[in-house]
Structure formats: structure tokens, C-alpha cells
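Just the heavy atoms: all of them, side chains too, but no hydrogens, waters or symmetry mates, feed the values below. Chain A is the first sequence line, chain B the second, and so forth, proteins listed ahead of strands; every chain is numbered from 1.
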Amino acid sequence: MRHPASRKRAWPRGRGGSRKCRCGRDGRLPLPRPRHAPLLLPAGLPVGPAPAGRRGGGGGPRDRLRPLPGARARHVLPRVRELPAPRLPAGRAAAAHVRRAGHLGQILGNVSEFQRVVNVLQEGVDFNIDVNASVFETNIRVVGGLLSAHLLSKKAGVEVEAGWPCSGPLLRMAEEAARKLLPAFQTPTGMPYGTVNLLHGVNPGETPVTCTAGIGTFIVEFATLSHLTGDPVFENVARKALKALWKNRSDIGLVGNHIDVVTAKWVAQDAGIGAGVDSYFEYLVKGAVLLHDEELMSMFLDYNKAISNYTKFEDWYLWVQMYKGTVSMPVFQSLEAYWPGLQSLIGDINNAMRTFLNYYTVWKQFGGLPEFYNIPQGYTVEKREGYPLRPELIESAMYLYRATRDPTLLELGRDAVESIEKTSKVDCGFATIKDLRDHRLDNRMESFFLAETVKYLYLLFDPDNFIHNNGSSFDVVPMPYGECILGAGGYVFNTEAHPIDPAALHCCRKQKEEQWEVQDLMREFHFLKRKRKSTFTRTAAHSRGGSQAGSADTTTESSGKGRNPEKITKRRVPLLSCPTQPFTSRLAVLGQVFLDNT
Amino acid sequence: RRRELLCGAAVVLVCALLVTLKVTCSRAKDVTMAAKAPVNFFSSRSPVFDLFRGQLDYADHIRQDSEVVLYFFYAPWCGQSIAAREEIEQVSRRLADQVLFVAINCWWNQGKCRKQKHFFYFPVIYLYHRSFGPIEYKGPMSAVYIEKFVRRVMTPLHYISSRSKLLDFLSDYEPGVLGYFEFNASPQPPGYMTFFTSALYSLKKDYLGTIRFGVITDKQIAKEISLTRSGSVYLHRHVNTSLIYPSEVMNYTAENICKWALENRETLIRWLRPHGGKSLLLNNELKKGPAFFLFIPFNPLAESHPLLDEITKVALEYNNCNKSQAAEPVPQHLRDLNPPAIESIVAHAHTQLADAYSITKYPCCNTVLLPQWHSISRTHNVCELCVNQTLGVKPSKVNVPQCNFLEIEAALDSFYLKERTFFQFVSNTIECSNFLSFYSPFSYYSACCRKVNRGLINLISSEKTILQTPNVAFSSHGKEDKDDTQHSIPHIEERNCFTPDLHVNGTNITGLSCRTNKTLNLYLLDSNLFWMYAERLGASRSNHLKEFATIVDLKEETHYILDQNQTLTKSTIENFIQNFSILYSPLKRHLVGDSSVHFHAQHVITEVTTNTFHDVVFLNEKDVLLLYYAQWCGFCASLNHIFIQLARLLPPNNFTVARIDVTRNDLPWEFMTDRLPTILFFPYKRKDKSVKFPEDFSVTLPNLLKFILHYSRLPSAALDSEPCTKECPQRERKLQEEHISHLKSEIQKLRSEVSALHQAQDQLKAQLSEARREEHKLQQQKLTLEKQHSILQLHSEQLQALYEQKNRELEEMAEKLQELADASENLLTENALLKVLVASIKGKLENKDETKKSIQSDEILPNHNTGPVLTAIDGLHERERLDISNIDSTVTEHKENRTE
């Protein structure tokens with residue numbers, strides 16, 4: 001998603017500054033579809049009452065999400081264009097895509113395909129090749145995909161080695177791939193270059209201009225790597241890059257679109273939430289969720305404030321000048337549709353729904369979301385009227401449906417299925433819609449259609465999927481330092497829709513650290529009575545300590561607390577929490593929205 | 001020649017191939033495919049005329065032939081259009097003979113429609129009534145609603161032909177506009193067309209069609225609503241005075257009439273029909289104040305709506321503030337009474353008399369004075385006892401005995417059985433409650449009790465006497481006999497009508513909206529379409545009736561619901577409203593709970609709901625740790641594993657780890673939190689002293705354990721100060737047992753770990769031994785290889801030696817050859833010498849010949865001499881030949897050697 005955008009192309013030319021952003025989805029590659037092995041579709045489709053109904057058209061949308069018949073599988077993609085100056089290592093990227101398809105298989109229930117692909121991958125993948133690769137794309141697709149596959153592999157029935165989830169062949173591959181990216185981070189500011197040569201590091205003469213998303217979209221994968229492998233270098237560089245962006249925000253609290261990673265000068269000063277910036281904000285939130293990190297969350301909340309102050313108009317988000325806050329483009333970009341989903345993760349569901357319903361009207365007008373939609377004119381923008389079957393709106397619908405169970409969201413799902421099938425289905429796949437005004441088709445199918453759009457659509461209509469697990473089921477994995485609880489839900493999707501299990505991160509790092517402390521505490525539970533006197537005095541001391549706000553006793557208690565005592569005493573609302581839903585939320589369905597408390 | 005031709009052809013072919021390849025390749029980059037050509041959207045059998053190529057001009061052409069036309073603009077990819085298709089077909093099948101249905105594909109970019117119209121959504125429905133139009137239909141995409149609307153367009157005016165129709169028209173809850181036109185004068189009286197158009201115009205304005213238009217042609221009937229002049233327009237209002245269109249002030253145009261009616265209509269009760277798109281409808285309505293939502297299944301096509309009529313009556317009464325204008329039930333009574341009465345009532349529509357006739361609409365009620373314990377006290381508890389028939393038995397429409405005597409008695413009896421409970425309510429509040437009657441499953445009665453001043457009661461009763469209603473004092477049977485205290489016997493008054501009384505003490509709902517400061521707005525929702533909201537407010541899913549009443553107070557963030565076991569009737573609704581309006585409302589905030597809780601698969605964490613909250617948290621004899629969470633909250637979901645771990649660690653006999661999804665389960669205010677996740681700890685035996693996990697601590701396993709340890713320990717500390725009783729050692733033993741079991745489980749775990757390690761060790765061992773074996777094998781291989789190597793070396797040495805030897809031989813051979821060459825050279829020189837010699841000898845011989853010639857005598861001697869010389873030369877030649885052959889043989893020998 002947050003594909004920092006069909007970026008250089010998606011951006012109107014002649015607006016000053018370099019538009020060269022490599023975070024683009026330019027390296028599109030064919031990817032195999034899951035084969036014809038039947039999907040393990042959960043029985044029954046508890047989609048709730050959709051009043052306007054899913055009557056016509058035989059069979060729910062889910063039925064139509066089955067992969068094409070196997071015979072065709074091979075011809076599905078190769079219609080893709082040749083790669084324009086491939087930024088991705090062709091072979092590797094292909095492998096990554098392969099695994100992505102494998103993922104799809106895993107979530108859709110096609111386990112055997114997943115296993116097959118994992119085997120293919122293990123047989124000789126070599127990252128030591130002389131190829132220029134986009135740091136951003138390699139991270140989200142290759143590293144993210146490998147990590148996710150690594151964490152899902154047990155669920156998919158792959159034989160895992162003894163130290164899993166803290167070791168494994170796919171994890172080692174991910175680490176190897178990530179190490180190839182590290183040279184890009186060696187800049188004076190800590191913000192990475194956009195492109196790196198896998199063999200030689202950063203090419204001399206490489207442009208230092210990188211888009212914001214290309215700098216801030218690492219923390220999820222890199223922190224996961226650091227936690228699983230124990231090598232902190234990845235998380236450190238990712239954090240450093242995030243902090244550098246944070247330091248360079250404008251006085252009014254916004255970030256631009258492209259920055260020079262050497263001089264830290266903003267090259268493109270448009271601030272918004274869409275192309276070029278999108279996954280930066282996404283990763284601040286998801287990083288905070290994944291790592292329970294207050295710093296990331298406080299950054300996001302500050303951005304959020306600035307964004308709603310300067311860019312939000314009637315629940316649309318526009319583009320503004322990052323220093324002055326004046327509107328520069330009153331457009332809605334299809335990539336921006338991820339925002340409501342993100343808001344729902346932190347509990348801002350009312351606003352999310354309001355924005356989502358705006359975006360849905362655009363869908364109703366065209367049967368898809370144009371790359372750019374001019375809000376005042378209510379029509380597409382010249383040269384930006386394509387719809388490459390992007391997943392963002394459906395992704396948001398999935399998150400929001402989790403929160404509200406609003407049938408309107410299923411209606412969007414139905415509309416998406418109908419529209420995609422009616423307009424873009426061709427003999428061997430689903431073609432990009434070149435022009436939404438007349439539904440002309442382009443000779444290509446984007447990789448994210450299968451990797452994300454189909455995945456999110458499936459998850460929207462399958463509320464019982466293990467990905468939506470709310471902790472009612474889990475796996476116990478014995479480790480040398482105690483049992484690990486895995487798969488208890490709360491999966492965090494990276495920006496390429498690869499799910500990551502936060503429990504695995506905890507299992508490989510925190511649990512080791514906490515092990516002895518927990519054991520001691522557990523012993524105390526049972527000596528409660530016997531050593532009553534001594535324990536009492538201790539607890540008394542403890543409570544005294546607790547009452548003297550921020551005393552030495554309490555600060556030593558929690559590692560997270562000791563960091564910044566003054567800040568804590570000032571703070572009222574805990575950062576890592578969501579507000580409970582207001583009373584009106586129960587009536588905010590079927591298109592009804594409520595204004596904030598007046 | 002031919003070959004050249006072929007070659008040329010081949011070259012040309014290859015070139016052509018390359019060119020085509022290149023062309024196709026370069027094109028492949030920008031190849032686009034036009035959208036698929038449109039196909040039929042409706043089946044050919046359907047009565048809908050499908051213009052799937054968007055021929056709008058053709059549609060306009062065929063529109064001329066039909067009086068009423070429906071245009072259905074769709075886009076073939078649009079899910080909403082596809083969903084609406086079936087509904088349209090259904091309508092078209094019913095109305096095909098009267099209405100022309102045209103479906104137009106307004107998406108195909110070659111079509112006329114797309115070029116002329118610009119829609120922001122699909123489907124769009126336009127209706128035309130002859131030249132008037134388009135009237136856009138904006139209601140729900142449901143066949144019945146569409147049909148109703150189409151029918152409205154077909155007949156925008158109701159023809160009021162008789163008095164009874166007039167009454168029907170006026171009694172409806174929807175505002176009605178009546179026009180009086182005399183048709184005898186001319187084929188069409190002036191202004192009629194304008195009036196007709198205004199009816200259509202109102203449909204355009206307000207898709208719900210909440211203003212109905214009627215036309216009267218009869219003078220007599222027109223008189224009843226005091227219309228005398230043809231062309232006058234009358235807006236009927238229930239609560240306020242009805243209006244006549246001021247044609248002098250405003251121009252008589254369709255727009256103006258419509259606007260006037262919209263501005264002046266009274267809406268006692270409103271339909272809410274959210275259109276599904278983003279809207280602030282509920283927001284705006286709820287912000288006006290507390291709202292009373294009634295969900296009823298509604299069929300717009302049905303002839304009569306009995307439930308709706310009842311609700312309308314309630315609404316009228318509720319809003320009927322001014323007693324003197326209480327003309328409202330008028331039409332209702334008219335229906336029941338004989339025609340002469342109508343005349344009078346209609347004539348004096350605003351007289352008190354109406355009250356006297358409004359009997360039937362009230363249930364039969366009794367005022368009951370409860371026995372006073374302190375007879376001196378100036379106050380009484382007064383209860384209103386009303387008998388309601390709900391199902392089946394309808395209140396009799398006969399005038400005189402409205403109340404069945406027996407029913408009252410039965411109700412009274414059962415009331416006395418419960419009267420004790422009412423003694424507690426000695427307060428100024430009015431409490432109402434409904435009881436099911438013992439005797440009849442179909443009726444129950446309600447009792448509203450309050451304390452009133454004795455004087456007031458006297459006043460009331462005196463009032464009643466004046467009002468000619470017979471006050472019959474019953475002496476309660478049975479009950480009374482047992483009761484010795486004669487003076488405290490309830491005083492029962494039977495009345496036909498309690499309106500005046502209630503007007504005094506305020507327990508009636510008539511005009512309540514003006515007397516309370518919690519004025520309700522009344523809304524209707526069709527539960528066929530919007531049951532979702534009802535479910536969200538706590539309607540049970542199993543309710544097949546789909547009737548639901550609720551009061552939502554946005555400001556207070558509460559809502560109350562009417563018990564779903566009660567059927568919706570006038571009296572239950574009235575009670576509900578009354579209970580809401582009084583000062584200390586007995587209504588309890590309704591807590592919506594999730595009934596469909598699936599328990600934790602592994603039963604580690606207890607899932608709490610609204611219903612089980614009290615049981616799990618308070619009645620549980622354990623320490624309870626309660627997590628407030630929501631599924632959508634990212635920060636909650638990523639803590640799941642920590643809580644599962646905690647629950648598995650804590651001894652289950654002493655601790656319960658529970659959680660509650662607060663988006664689906666309401667809790668009493670005191671237990672609510674405003675942030676998620678929140679962790680509360682309820683220690684055993686002091687459940688009231690719950691503690692919140694401090695927010696500035698990160699939620700980790702050690703922190704949670706410390707938190708629990710800290711707060712669960714306090715009671716034991718308190719116990720500590722007391723002398724140790726007998727329980728002490730018992731408890732300790734229990735604890736120790738638990739500890740032992742815990743340790744045992746730990747040991748078990750360790751054992752399993754050990755065994756796992758053992759396994760790993762075995763595995764390693766096996767691997768090691770295998771590795772060793774392999775090493776051994778490798779070494780052996782190495783040895784053999786070395787051996788082979790040495791052999792090979794030897795071999796190579798031998799070969800070397802052989803080579804050298806051969807070399808030497810060759811050298812020798814070469815030397816020999818050299819020698820031979822030298823020898824042959826010598827021979828050649830010798831040969832040359834010999835030749836020279838021969839030449840010289842020949843010379844000499846010639847000289848000799850010359851001398852011979854000169855000296856003949858010397859002839860014999862030289863002849864002698866040449867003989868041996870020649871032989872010598874011959875001999876030389878021979879030797880040479882031999883030598884050469886000799887060399888040849890050696891050379892061939894050499895060659896042979898080499899080949900060998």
C-alpha cells in the first residue's frame with residue numbers, strides 16, 4: 001500500500017524539485033498464482049445482514065475469490081511489461097513474489113502451495129548479485145515477505161527447525177537480504193539512499209533525494225529482524241532514520257514529500273498523507289503497536305494533529321505546503337485510502353468512517369478509485385485516471401469492519417468484487433484499468449492485486465480467519481527459557497500486507513530477559529503465607545514507593561518507565577491506548593455519522 | 001540462379017519477421033483494450049425495456065406514449081445497480097400495464113446517456129408523469145417502497161368522494177393538503193392543474209412523500225372543513241389550527257403551495273429513512289433532545305396500519321398541549337359515532353365535548369387509594385389501575401360499558417396481592433409498572449402510584465361528581481373482610497374517563513410534551529430496513545416480530561428500551577413515555593451485551609459479557625484481574641499473548657484472569673473506562689476496592705505479577721495482625737499444596753524440557769557419530785587417493801625416464817644421421833672430385849686422341865689405361881647407390897620407431 005507511490009509518475013510534473021522517487025512500484029513482476037488446490041474456505045459466510053443485499057449475482061463474493069483454474073495459472077501474468085530499469089534484483093524479486101503468492105495461499109488456506117514455495121526458496125537464493133535495488137521495495141517485499149513467511153511457516157505445516165521462531169532458514173535469508181540494504185543507511189543524517197547495489201553498496205553518484213516513505217518504512221521489518229535474530233543494528237538504523245525525519249519536520253509539524261538525505265533539505269515540500277509519505281505514518285503507528293513504543297506513537301499523534309489542522313477539510317485530506325499550510329492540490333489520491341484503516345487501529349473510528357464514506361462515494365462514481373480525484377470538480381485528474389486495482393480502500397474496509405461490523409463496508413466489498421470482475425477480468429488474469437472514465441484496460445496486472453487486494457477482500461468477508469484472531473486461540477511453543485505463546489492475534493500487516501506476529505518478537509527477546517524475574521515472582525505467590533511478615537514489609541515499602549510518584553523504587557520496576565520521568569508526570573492520557581467508543585458509535589452504521597461532541 | 005533467389009526470399013522473410021516482431025513488441029507496451037461492449041442488463045423476458053447502449057434519445061421518444069414512465073439509470077459494474085435490478089423487475093411485473101419501465105445504461109461512453117448525464121452514483125431512478133419530471137426517487141431500493149412511490153406518482157391526488165373518506169384522510173398521521181374544486185362549471189376548474197402539479201412537485205421535494213394531497217369536488221364535504229370557494233386549499237393540522245392557503249398573499253403556483261405546505265405542516269412523528277450514504281440524519285435528530293425510536297415492520301403498500309394508527313394516537317396526545325384544542329381524536333370518534341353526532345362534533349371541533357366521547361381510546365382505569373398506615377397523615381398513596389387488553393380482545397366499541405366489570409375486579413384482586421410492594425413508594429414520584437393479570441393471559445394492568453395530598457383527592461372526586469360520571473365505591477371483596485382496619489380499606493373509584501383527573505395529577509400523557517422538560521421527539525423506523533439500529537440498541541436477534549421501542553438520550557449518553565416481551569400497544573408506549581418523563585425515572589439505562597460469546601477455546605481467559613459481569617467479577621471467590629479491550633484496538637490485540645501467559649502462570653484456584661470487549665458489552669458507569677486497554681484488579685473479599693493497573697507502567701508479565709502480588713497480598717497482611725486461628729495452618733497447608741502442585745507442574749515442564757534436551761542430545765550424538773563416520777570414510781578415501789597419487793607419480797617418473805631414454809636414442813639417431821650426412825657429403829665431394837678427375841681424364845683422353853690422330857702408333861696404350869678407370873668409376877657409382885639405399889632404410893627405420 002503506501003506505495004510511496006506510483007510516485008514519480010503519479011506526481012504531476014513541473015511542480016518544482018526532483019520527483020525522482022524510487023520507492024515506486026516500478027519493478028512489477030509476474031508472480032505465480034496459487035494453484036488450483038482447493039481453498040479451505042471456511043463454511044458459512046457470516047457477513048451479517050447487508051440490507052441492500054447481496055441478492056443478485058449468485059454466490060457470495062468469496063466464492064469468486066477462488067484462484068483461476070490451474071491450467072491457466074501459468075499464463076496469468078506474463079503480460080506484464082518489461083521492467084523499466086529494474087530496481088529490484090530480478091531473480092530475487094521474483095522469489096519474493098513467489099513467496100508472496102505463497103502467503104496468499106496461507107491466508108486463503110492453500111497450505112500445500114505455501115510449502116512448495118518455501119522449498120523452492122530454500123534451494124539457492126543468492127543475494128550476492130550486481131544489481132541495483134530499491135531499498136524501500138526490497139525491504140517491504142523481500143525482507144517483509146521472508147519474515148512473514150518465516151513466522152507463518154509453522155502454521156502452514158512446514159517442518160521448522162529447533163530454535164523457531166528465533167531461527168530458521170527463511171529468517172536467515174531475510175537477515176541476509178536486510179544486510180545488503182544497510183550500506184544505504186550510512187549517510188550523515190542516517191536517512192537512507194533510495195537505491196543500493198546489492199554487491200557494491202551505494203553507487204557513487206547516486207542521487208541523495210529520497211521520498212519520505214522511502215526513509216520511514218523500515219521499522220516494522222527491521223525491528224522484527226532485530227528481535228528475532230538478536231542483532232540490534234537493524235532496529236537502530238530504522239529508528240535513526242525515523243528520528244531524522246522527525247527532526248526535520250516543519251515548524252507547523254508537517255513533513256514534505258522528498259528530502260535530500262545528505263543535506264536534510266526538503267526537495268518537494270508538499271505535505272499530505274498520500275503518495276510519497278503514506279507508509280511513513282503507517283509505520284509509526286504499526287511500529288508503536290508492534291513494539292509498544294511510546295516514542296513512535298507520540299510522533300504520530302503530533303503529526304496527526306498537524307495533519308487534521310492543516311490538510312483536513314470536510315473529512316477529505318488535501319495537499320498543503322509543508323511550511324505555510326496553504327493548500328497546494330485539492331485532490332484525493334487513491335493511495336490515501338489507507339488512512340481510515342490506520343485511524344481505526346488507534347480508535348479514531350468516527351473520523352475514519354466519515355473519511356471512508358467520502359472515499360466510497362468516489363468508488364460509486366467510477367467503480368474504482370482514480371489515482372487522483374479532484375475534489376472540488378468531482379472528477380478525475382488528467383493523466384491520473386487509472387485504477388490499477390489498488391488495495392487501500394478495501395484494506396480500510398477490512399479494518400473498519402472489524403471495529404464497527406457496519407454492513408456498508410461489506411457493501412463496498414461487494415461493489416469491489418462486482419466491479420473488478422465485470423470490468424477488469426480478462427482471459428488470463430485481472431487487468432489494470434487504464435482509464436476509469438471508460439474502463440479501458442491496460443496490458444498488465446499489478447503484483448499488489450493478488451498480494452494485497454485479493455487478500456484484504458478475502459479477509460473482509462471472512463471474519464473468522466485466523467488473522468482476525470482476538471486471542472481466543474493460540475499456539476504454545478516450548479523454548480529453552482519457557483513456553484512461548486504465539487499466534488494469539490494482533491497480527492501487524494506490513495505495508496505489503498505481510499502479517500507479523502507481535503508475540504514472536506516478545507518470545508525471542510523480552511521473554512528471555514524476563515524469565516528469571518517471572519520465576520522469582522511466581523515463587524513468591526506460593527510463599528505468601530509462610531513468609532508473610534517479610535513479604536508484608538516489602539510490599540509496604542513498595543506501596544510507599546509507589547505513592548511517592550516516580551521514586552527510585554518504582555522506576556526500577558519498569559524499564560519503560562524510567563526513561564523519562566518528567567514526561568510521565570506531565571502526561572495524562574496513556575499514549576499506547578485507544579479511546580473507548582462514544583455512545584453514538586452504536587448508531588453510527590449504515591452511513592450515519594456523528595459530529596464530535598458538541 | 002535458383003539458389004540466389006531462395007536466399008533473397010529468405011532474407012526478405014527474416015526481415016519481415018523481425019519488423020513484425022518489433023512492431024508487436026513495441027506495441028505490447030501500450031496496448032490497451034477497450035471496455036467490453038455492453039450487454040443486456042435485464043433479461044429479455046423482463047417487462048423492463050433495457051436500453052443497454054444508453055440510447056437516451058430513444059428513451060425520450062418512447063416516453064411520449066406513456067403517462068407514467070420510470071427511468072432506471074444504471075452502470076453494469078455497479079453492485080448497487082445489480083442489487084436494485086431485481087427489485088425493479090419485481091415492481092415492473094406488478095405495474096407493467098400502467099407504467100413504462102425503461103432501464104438505461106448510463107455508463108457506456110459511446111452511449112447518448114453518458115454524454116448527456118453526469119451521475120455521481122448509480123442506480124438513479126427518474127419518474128415522469130406525462131411532461132412533468134423528472135422526479136427522482138431517493139428512497140430505499142426495495143420493491144415495496146419503489147412501488148409505493150410509483151403509485152404516488154400515478155395518482156398524486158386522492159379523490160375525496162365521501163365523508164368517510166374525508167375522515168380517513170384527515171385522521172392519517174401524515175400531513176394532508178386538501179383542495180376544493182368544483183368540476184361542474186368547466187371541464188377543469190381554474191387552479192386544478194396547479195394543484196395537481198404541486199402534488200407532483202411535493203414528491204420531487206420530499207421523496208418520503210409525507211404530504212398527501214386530496215381533492216374534494218363535493219360542496220357538502222368541502223363545507224365540513226369550512227371550504228366554500230372552489231380553488232381553495234386547506235392544510236389540515238392536528239394540534240394547531242388548520243390553515244387555508246393565503247392565495248391573496250402568495251402567488252398561486254405549484255412551488256408556492258408545496259413550499260407553504262412544507263413550512264406549515266406539523267410533524268408529530270417522523271419516519272427516519274437513512275439512505276445509506278454518509279449522512280448526519282441521526283446526528284441532527286438526536287441532538288434535538290431525547291428521541292423515542294419505534295421500530296415497526298412497515299409495508300408501504302398495505303391498506304391499513306393498525307399499529308401505526310395507535311402510535312399516531314399516542315403521538316397526538318403527547319403533543320396535545322392545549323386542552324381547548326384537543327380536537328384531535330375527532331375523526332376517530334366520528335368513525336365510532338353515528339352521523340348526526342359527527343355534524344355537531346365537526347362543527348364544534350374545538351369544544352370540550354370531545355373529551356366526553358374520547359372514552360374508547362382510553363383503557364378502563366381505576367384510581368385506587370392505598371390504605372394509609374398513618375390515618376392522620378394528610379397524604380395518600382394513589383394508584384392508577386388500568387386494564388389493558390392487548391392481543392385478540394379489542395376494547396369494545398360500544399359506548400357505555402367500556403370496562404368489563406369482571407376484568408376490573410380481577411385486576412384489583414391481583415393488585416391487592418402486590419399492594420404491599422407499593423407501600424414502599426411513599427414518595428412524590430410516580431411509578432408505573434405493568435403486571436400480567438393472573439386470570440387472563442391477554443390482559444395485564446398497569447399501576448401508577450404517587451402520593452397526593454388528601455385535599456387534592458377530595459377535589460378530584462368532587463370534580464368527578466360534577467362531571468356526571470358515576471363514582472362507584474367498591475368495597476373490595478375478600479381482601480376487605482380479612483382486613484379489620486376498615487378505614488384503611490382502599491378506596492376505589494370506577495370512572496369512565498380519567499382524563500380530567502390525570503390532567504390534574506399529571507400521570508396522563510396528554511400534552512405531556514409541554515409539561516415535562518424531557519420532551520421526546522418521536523420517530524418511526526421501518527424494521528425491515530433498519531433493524532440493524534435496533535440490534536445495536538439491544539433488540540434481541542431472535543425477535544421475529546421486529547418490533548422495538550427505545551428512548552435514546554444522546555446528551556445523557558443513555559438509552560432505555562421497552563421490554564421486548566411486551567407487545568407494542570398504545571398503553572405500553574404511553575407507560576414507557578410516562579416513566580421516562582417523570583422526575584425520578586424508574587427506567588434503567590439499558591446495557592447492550594454480546595449474547596453470542598464463544599468461550600475461549602482453551603479456557604484460559606474468561607470472556608466476560610454484560611450479563612456475566614457481576615457473576616464473574618463479584619460473586620467469584622477469587623482474585624479477578626479484568627482486562628478491558630476491543631478487538632479493533634491495535635494496542636490491545638498485541639497484548640493478547642501476555643495475558644494468556646499470565647493466565648497460564650497464575651494458580652487457577654485463586655485467580656481468574658478475565659477480559660471484556662467493551663465495544664460489544666456495556667457496563668454500569670462506575671465500571672467503565674475511557675481508554676483501552678485498561679486493567680482492573682478486584683481482590684477477593686474486597687471486590688469493591690478495585691485497583692487500576694497504573695498507566696505509566698508498561699504492560700509486561702513481571703509488572704503484572706508484581707501488581708497482582710502487591711494488591712492480593714494486603715488481606716493476608718491484615719490477617720496477620722490477628723492471632724492465628726485454626727484456619728491458619730489449614731490455609732497454609734492449602735497454599736503449600738498449591739505450591740507443590742505448581743512446583744510439580746514446573747518439574748513436569750522441566751522434565752519435558754530435559755527430555756527435549758535429551759532428545760536434542762541424542763540427535764546431536766547421532767549427528768556427531770554420523771559425522772565421525774563420514775570423517776573416517778573421508779580419511780580412508782584420502783588414503784586411497786594418496787596411494788593412487790603415489791602410484792601415479794611413480795608412473796609419471798617412469799614415463800619421464802622413458803621419455804628421456806627415447807630422447808637420448810633420438811639424439812643418438814640424430815648423431816648417426818649427422819654422420820651419415822657427413823659421409824654422404826664426403827662422398828659427394830669425392831664424387832665431385834671424381835667428376836673433375838673424370839673430366840680431366842676425358843680431357844687427357846681427348847688430348848690423347850688428338851695425339852693418336854697425330855701419332856697413330858700410340859693407340860694401344862691409352863686404351864689400356866681407360867679400362868680400369870671406367871671400372872673404378874662404375875664401382876664408385878655402385879657404392880653410392882648402396883649407401884643411399886642404406887640411408888633410406890635407416891630413415892624408414894626411424895619412422896617406424898616413431899610410429900611405434
Novice: Can you tell me if Q645(B) and E483(A) form a side-chain donor-acceptor pair at under 3.5 Å?
Specialist: no
Novice: Is C636(B) close enough to C578(A) that their SG atoms are under 2.5 Å apart?
Specialist: no
Novice: Quick check on T423(A) against chain B: is it the side chain, the backbone, both or neither that has a heavy atom closer than 4.5 Å?
Specialist: both
Novice: Can a salt bridge be assigned to the pair R536(B) and D406(A) using a cut-off of 4.0 Å between side-chain N and carboxylate O?
Specialist: no
Novice: Do H292(A) and S698(B) meet the criterion of a side-chain donor-acceptor pair at a distance under 3.5 Å?
Specialist: no
Novice: If we only count heavy atoms from C-beta on, is the L587(A) to L286(B) side-chain gap below 4.5 Å?
Specialist: yes
Novice: Counting only heavy atoms closer than 4.5 Å, note whether F707(B) contacts chain A via side chain, backbone, both or neither.
Specialist: neither
Novice: Do R586(A) and E535(B) meet the salt-bridge criterion of a basic N to acidic O distance under 4.0 Å?
Specialist: no
Novice: Can D315(A) and K278(B) be counted as an ion pair, charged N to O under 4.0 angstrom?
Specialist: yes
Novice: Measure up the F366(A) and W107(B) rings against each other and bin them: parallel (under 30°), tilted (30 to 60°), perpendicular (over 60°).
Specialist: perpendicular
Novice: Does any heavy atom of chain B fall under 4.5 Å from the side chain of S344(A), the backbone, both, or neither of them?
Specialist: backbone
Novice: Restricting to side-chain contact (heavy atoms from CB on, under 4.5 Å), what partner residues turn up for Q581(A), sequence neighbours left out?
Specialist: I349(A), S585(A), W632(B), T663(B)
